[in-house]
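Notes to accompany the following structure.
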Amino acid sequence: MADEILRLEHIQKELELSRDVRQTIIPNLSLRITAGEFVSITGPSGSGKSTLLYIMGGLDKPSSGRVFLDGEDITETEEKEMTRIRNRKIGFIYQFHFLLPEFNAVENVSMPMLIGGRLSRKETRERAMALLDMVELQDKYTNKPSQLSGGQQQRVAIARALANEPKVLLGDEPTGNLDSRSADKVYQLFERLNRELGQTVIVVTHDEEFANRAGRRIHLVDGKIESDRVLRDGVPVLSQ
Ligand SMILES: Nc1ncnc2c1ncn2[C@@H]1O[C@H](COP(=O)(O)OP(=O)(O)OP(=O)(O)O)[C@@H](O)[C@H]1O
């Protein structure tokens, strides 16, 4: 399918807790995400949301099953190559921003572009500034993370995640550490990126309101999809 961006086929994830104790976190999960979707993933604590997101982003491997990203089977891709694919195709945003404290906003946003090595230093800097403009931090170019509020730090992290024009933006509780006003600004930013730029967004969240603002909500219980619904204005319009 031309516009399919992510496909998980019969994913199983087991953890070996000790030599003879194994825990199945995800028993058998299949899922398809189309380019341009805005998906929220919800579920009780420990239901496997982060594990699923990490498998989608190639940060974790399933015990069995297959993962396709942008048409490419990444199930057995070795870590060095996976790092390269991630840098190019995945933007990851965590609950804690993981900005580099000694670098300012422009330098932090520049980092994935410098690693990618496809733009000149001047182009990199210009693109970093444009991305900071887009997240409304045009007056904070030279601020270091400690000179930014929590919400501003997270917006720098989003600008950084967008640096290499990723196919998918993945967020693991990206507003979990923010007050409600800053969280709302971050939600609005995700919505705008999705609506105006067609950015595919997949976000794990505990926030009911945010979860229902997505176009599709997947609810996990014990590593299984309990419901997978298309939403319009927070209301399910059809079951998948
Ligand atoms: N490295 C690990 N070692 C042991 N158990 C783990 C490890 N990583 C995850 N788990 C277990 O796997 C299960 C799923 O964890 P996961 O973090 O994916 O859930 P979650 O739904 O994201 O939870 P939360 O909402 O609390 O972040 C949990 O029972 C967790 O305790």
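All values below were derived from every heavy atom in this structure, side-chain atoms included, with hydrogens, water molecules and symmetry-related copies excluded. Here the structure is a predicted model, which means the values were calculated and not measured. We count ligands from 1, going down the list as the structure has it; atoms in each ligand are counted the same way.
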>> Distance under 4.0 Å, heavy atoms only, partner ligand 1: which residues pass?
In response: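 For ligand 1, the residues that come within the 4.0 Å heavy-atom cutoff are L15, L17, Q23, I25, P44, S45, G46, S47, G48, K49, S50, T51, H206.
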[X] side chain to [Y] side chain, donor-acceptor N/O pair below 3.5 angstrom:
X: Q12; Y: S64; value: yes
X: N164; Y: N87; value: yes
X: T75; Y: D73; value: yes

> Can you check side-chain hydrogen bond (donor to acceptor under 3.5 Å, both in side chains) on H219 and S227, steps first, answer last?
Replying inline: CA-CA 5 Å; H219 190 74; S227 62; 5.5 Å; no
>> Please find the pair of heavy atoms, one from G65 and one from I11, that lie closest to each other, and give the distance.
In response: C-CD1, 4.1 Å
> Taking all atoms of both residues into account, what is the closest heavy-atom pair of K89 and E72, and its distance?
Replying inline: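 Shortest heavy-atom contact: NZ-OE1, 3.9 Å.
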